[in-house]
Amino acid sequence: MINITINNKVIQVEEGTTIFEAAKQHGVLIPHFCYMENVHQIGSCRICVVEVEGGKTLMASCVTEVKEGMIVHTNSERVRDVRKVIYELMLSDHPKECLSCWRNQNCELQDLGNLIQISEFRYEGAKSKDIIDTSSPSIVRDSSKCILCRRCVTVCNDIQGVGLMNPHHRGFSTFIGPSEDELLGESVCTNCVQCVLVCPVGALKEKDSTAIVWEALYDKTKTIVVQTAPAVRAALGEVFGYEPGMLVTGKMASALHELGFNYVFDTNFAADLTIMEEGSEFLGRVKNAITAPGKNDVLPMITSCSPGWIKFIEHRYPDQLSNLSSCKSPHMMLGALTKTYFAEKMNIDPANIYVVSVMPCTAKKFEITRPEMFNNGLADVDAVITTRELGRMIKDAGIDFRNLPDGEFDSPLGLSSGAADIFGTTGGVMEAALRTVYELVTGRELPANNLHITPLEGLDRIKTAELKIENPLPEFSFLAEVTVKVAVTSGLLGAAELLNEIKKGTSPYHFIEIMGCPGGCISGGGQPRPVNDAIRTKRLEAIYREDEGKLLRKSHENQDIMMLYHDFLGVPLGHKSHELLHTVYTRRSKN
Amino acid sequence: MTTSYQLKRADFIFKYENDWEKILSKCISRTPQELINELISSELKGRGGAGFPTGLKWKLAAEVVDATKYVICNADEGEPGTFKDREILSMVPYKVLTGMAVCGYVIGAKEGYIYLRGEYFFLQPELNKAIREFEYYCKGINLDFTIRIFMGSGAYICGEETALFESMEGKRGEPRNKPPFPSSYGYMGKPTVINNVETLAHTYTIFKYGAKRFYDLGVQYSRGSKLFSVSGDTPKPGIYELELGMSLADFVDEFGDGDTKAVQVGGASGFLVPRKRFDETAIGFQGKLTGISLPTGGSMMLFNSSRSMFNVLDNYLEFFREESCGQCTPCRVGCQQLLMGIKAVKRGEKNAKYLDKLLRLTETMKLTAKCGLGQSVANSFSSIVENFREEMIY
Amino acid sequence: MVKKIKISINGIFVEVEDGTTILDAARKAGVIIPTLCFHKDLCIAGNCRVCVVEVAGQKRLAAACATPCEEEMEIFTNSLNVLHSRKQIIELLLSEHNADCTSCFKNGNCELQKLASDYKILKQDFIRLVPFKNYTIDKYSPSIIKDDSKCIRCQRCVRTCAELQGVNALTVAYKGDLMKITTFFEKPMNDVVCSTCGQCINHCPTGALVERNYIEKVWDAISDKTKHVVVQTAPAVRVGLGEELGLGQGVRVTGKMVAALKRLGFDAVMDTDFTADLTIMEEGTELLMRLKAVLVDHDPAVKLPMATSCSPGWIKYIEHLFPDYLDHLSTCKSPQQMFGALAKTYYAKARNLDPETIVSVSIMPCTAKKFEAARPEMHDSGYRDVDYVLTTRELAIMIKQAGIDFMKLDDMHFDRLMGESTGAAVIFGATGGVMEAALRTVYELVTGRDVPFENLNITPVRGMDGVKEASIKIENPLKEWAFLDGVELKCAVAHGLVNAKKVMDSIISGQANYHFIEFMACPGGCLGGGGQPIPTSPEIRLKRAKAIYAEDEGMPLRKSHQNPEIIKIYKDFLGKPLSEKSHHLLHTQYTARKRY
Amino acid sequence: MNPVTDLIKSLADQHGRSRHNLLPILQGVVEQEKYLSEYSMIEIARELDLPASEVYGTATFYSFLEYKKMGRYIIRICKTITCSMKGKNQVLLAIQDMLKIGVGETTPDGTFSLLQTNCLGFCHKAPAMLVNNEVFTDLTPEKVREILRMYMNKKKEGGSYDN
């Protein structure tokens, strides 16, 4: 332990702590900007400078470690003057059009202004070139608003391992982005949009889809169907001032009805369906690997629910595409079923059905444009809006969200089990799959406490588990005494680690779940800002709460799924399933 | 029925009549209900431009129970290109005064006001003389009705009825929220009938000659005759009384200089009709005439091919920008944006697509402005920009 | 019995009373309609047009705030027309607004900013009008800064100034594009009838009207090692400050506030409540003297009713509008100024400090105090009595700037000498409080008994009625006050200057015969002051008042004359109430001012 | 006592002292004084017991109620499109040329003020202008010069402050 003095108060902190963290632990907040929790700091913005007695210059508190006997002033006259100048310099190269910026009132630069209180601009400096790149279906990049904090660089390289966002040039010409002429839409960008989540200002934003959804809502000739992903219900409340981790499933359903959607379906239904299809596919692959090696037996099998991850593997590991499950992601499945099964059932021309997905994800905006995702010339899903965009639409419509009664999802694509809920968090798909697969194979419930496979829960990067199968049903006797090894990762850096193992042939696993975003869908690129580990944990807990609160906790117990197979699809992996619920992948260039 | 589309002159308003005492006495010997019915059956609509049925207006005010009511004659004739009311007040004031007194008798009002625009200050002495004479007669027949002139002071918006009340109450002439409407809450919060000068003059004709005579003029939905203030590129500018329902083509044949490019019907807040639509345009109130039917306060400005429509629009918008009362957002800011917008397009600072954005803006102004001024800016703007887009562009 | 009518809003059926506006009906139905020019405290204007809605069968959209519901009305608050129009109106407002949010004092608490963010106006196509206009920024007033480039002409300030305060310093002038909110002949706010109460700031949706802030000056003083910086906090600050720092409305944060002030680096943190108690001693005695002069000596030079003088907004108001009635005012300075004068005399002496080095800062719920501190009369200590006045909002900013995690602070106590107070001082923050505190002490001084109200709570003077009246009959007084036996002491309380005007008018016309009147410039008293957190509304003010009375009841001492530090100051320094020293330091005189 | 004070008193006696009498009183002062000074507005406010700021706000709304010092003869030339089409600009130039003042200005001797105004209602006899309350129509540069000369002479002869 080390003794230091901050603002005349003597405190004790662990060695290796930065001044910033030490101050925070003891109730002194230092304004900061480029600082990001849990990653290495770069100290580029200089807003967090503090005065250390004896030091010639002021020091960036986020990168300076405490030393015994240090005397720190976070708010001395010098600090305040310098902070003000730095802030003004930042603003001098920032377009001051707050009121027409999408990040208005959710902007860290603006918040800082509230804190620092400048009343006039002393520096009207040169302005950086503004490049507005709208080529991507998911992200818009506006370099004029960028303040070069490099948070997006950190997240794109150190957390996601995509390595697209980088600083270029030097001095005043420095800019952050893909290289000079490269467009985001034509790059290796996975559309995971974690960069938007960390951007403190409005330099990176999602592509807006609310306008086309409004248009569809006002089009009286269309039947408008909406579906909501599992992670949305655990985060939407934050837009309306609820604490993180508040579940708003019922209010969300009511709000969607009030917005004018004709049918409110649940992506969770399709999540259950995914388990049926993917579980069957997995069992098939394992069976082949054991009984007839060499034929369609590529193991480990990897989940395919996360479109950010899909694009990543297509670019980086095109040789491993056969490891991917051929299942479409749940919302695409639901879209395809809406325009076939549901259309048939209700006797509606599928051309007049408009499917909107509410997703925690921006990569889904890209996914729906893939040519594979069209059936008879109709897109499976017509528009994707993020949780943030839904929040905005509800606000636009003047719906008093906090006072809404709880509503219900509509039949026949609205019922779901707890297994589907946990799709929203990392490890959830795996847990859901094992709940069903184990029971299918052995006829017994998964031998885990309250059906939770605890090693797979939490925010660790790579989580593994083993499950020994004993006394299987006769038809699965080939699995007797087999120990199924599974791994779960979220965030693309972990994905790369696991893929390298596979590439080398050293992967011990049978089944791997990979999610593009750290923590899974709960902290997807389309979720409300800010996101940090504390908030991730709260959302994660909410998801498990939702799961545990349900009577149905296993996908194969969902009677609407049974009805679907009975009435329409036949059996898992049947002909119709293959046509509607499965897909193929494309090799893409590495850079 | 094609005949009704032809230009027909009429001569009622300025016809010299020296029998107003008789008409007034006759009117007050009838019951108010009879008089209202007479007006309703004549289908006289307000001649200020908006075209609200006059009989109904009187009826609504008559039905409200209140000891104090007012009759107001709106002589705040500010619409560019209109000058008929000035002529009526200087030539045949007693017709207007009679109309007011009858209205007072019908609704139960004892006080009448003429809100005269400041620009017509010079009318005051003659008009006051007429009023004194008129009041003297009223006293003679035991009709308790007084008329006073209230002078405006140069604000176009005071022609809007609720703004006019505010102005008379000594405030800024800013329109009120409607409802409540004047028939229940007008001047000083009392039930008030407010009519245009010409409308009141027409009531004289109706009460004298009967509703039938008036109804026979004009066409369906647009009955009677109307004064037109003709100006611009015409060999014979002036005031003409014509039957309603005529086609614009006939009008241009009569008054045009042979090279008429467009006619602005209804002043700055009216519509511009280009040559190619003269045939299909009729002058009257909205109704089922073939083609387009335009209401008007009577202003007809003719433009020949030497005129730039950009200048016309620029002049109108400048007018609106100045004369907007400034309280509601769409009108105050909208007018500034329209004016600066067309200038920017003309100078090439904005591209032609910006005009569409401005058209969309006029749509918003029409839907959301607090009063008629902001709502009608859209009329001239969209009709000029849509028909003469090429003249607006750099 | 009011007639009920049935309407539908976005397909939801609701029953409302006849005459309800669409806006109220929608709120009842759980439908939010955005507003700008609408404010609960004020009359309806209907001029911003942001709240337009579609009514089935009507060609034009209707302003929800100004349109009454009619039977069977079908209302759509969210149709395509409404959405498009509303967005365009916001765009228009933005085009005439100086949108330099990052350098705006209202950043983060601006209604236009919120509206723009809710509706996400992402493209600003319209021509920006700000550079084309010659906007003025009026910085002459020590209290209020008026920046026309940020004004959106909602006229809330004009209505506040006329309806709530009856001051009419602000008016709408010109028309069309030139239309603006200004003062008589566009004079600076400092030169007109403005009472500097700051209610216009509380009601302004944008940053067009803000307080003049002295944050930098105070930081400089704190950083200056040669200065001894003393701070005092007004009673109403402790029930408002929490709102600015993320706590709920009406939460008391006295202890945390003191801790935060110490953390900020003030050398001594003391309490205006102390001088509030002192005010009661001085003013109560003055009242008794006046009663004697009028009832016994029949001195025509002494005027009744006596009016309180704690509220500098009220003082400036009466100086402008009723200059002939200044001798009705108590000569007591406001508690803030008493504190300032004592800080540089009594406190300096006790702490052995050179008054030259003392910087006296006060935290007030009030903008008028900024003006008051700058009055030339307020130099009785030989120096400027109060150097800087900060509002509750400014203090919150300083706390944020210093990075103090307010929620984590432990409660602390005010410093000695001028930090002790009683419940009577705390209630100075609410309307009726000064009256109640004075009666508690005066009654006891005269009769030797507690004021005859349950638990000392004089309920008739509490609450949010504009003018409140109370009377207490004095029976069996102590010997020296025998002349008061049987006298019914008539009191009145008015808050909000428009109510003050009513009371003044009734005095002038001779209808009223009060002995003692409390006047507060702001609605609800200091807790609704012009320096308190924004927004304000009747409900919020009620919550703050509740907090004030709860603080009072929780105090061990509830009568000013019991305050041990008060007893000490009279013993050690002042002598007795209305002594010569008191007169010199604690009393003042007033100036007649112009009427426009 | 200031003559304006007397004037305002007598106007208030004549019209009344309620809010709705404000406009006639303002007009009365303008007719005499040609404009509303700060002093006269304060006096009106006092007389009618109104806030001075309201008097100011109301006066500035109306374009015929001037609040800056004006000349004895206020020329208001119509700037509406019909008058513009018929040569208003030439007329305006002629006036500016002759009086050596721009729009919105007053001659140094305080005789003339030149203003533009919206439609005067003489479109059929365009261009038109008002000089105080007198209308002149069908203007040409020659005609307007003649009119101005007439007013100049009038000033020389009369010299008193009646119109």
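Since the model is a prediction, treat every value here as computed from it, not as a measurement. Here is the naming used below: chain letters follow the sequence lines, and residue numbers restart at 1 for every chain.
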Task: Closest non-hydrogen atom pair between Arg595(C) and Arg46(D), with its separation - done: NH1-CA, 4.2 Å
TODO: Can you establish whether the number of heavy atoms outside Tyr39(D) located under 6.0 Å from its atom OH is more than 12?
DONE: yes
Task: Proximity breakdown for Leu170(C) and chain D, heavy-atom pairs closer than 4.5 Å - done: backbone
Task: Plane angle bin for Tyr56(D) and Phe185(C) - parallel if under 30°, tilted between 30 and 60°, otherwise perpendicular - done: tilted
Task: Lys594(C) versus chain D, the contacting section by heavy-atom distance below 4.5 Å - done: neither
- [ ] Any chance you could measure Thr60(D), atom OG1, to Lys175(C), atom NZ, to the nearest 0.5 Å?
- [x] 10.0 Å
Open item on the list: If you define the side chain from C-beta out and look only at heavy atoms, does anything of Tyr596(C) sit under 4.5 Å from Met41(D)?
Closed with: no
Open item on the list: If I compare all heavy atoms of Ala169(C) with all of Ser53(D), which pair ends up nearest, and what's the gap?
Closed with: O-CB, 3.9 Å
TODO: Please check if the distance between the ring centroids of Tyr174(C) and Tyr67(D) is under 6.0 Å.
DONE: yes
Task: Residue part contacting chain C, namely of Leu65(D), when any heavy atom lies under 4.5 Å - done: neither
TODO: May I ask you to check whether over 12 heavy atoms, not counting those of Lys143(D), lie within 6.0 Å of atom NZ?
DONE: yes
Task: Option that, when pairs with chain D are counted at under 4.5 Å, heavy atom only, ranks first among Met179(C), Lys180(C), Lys187(C) - done: Lys187(C)
TODO: Check Glu54(D) against Thr171(C) and note the closest heavy-atom contact, atom names and distance.
DONE: CA-OG1, 4.1 Å
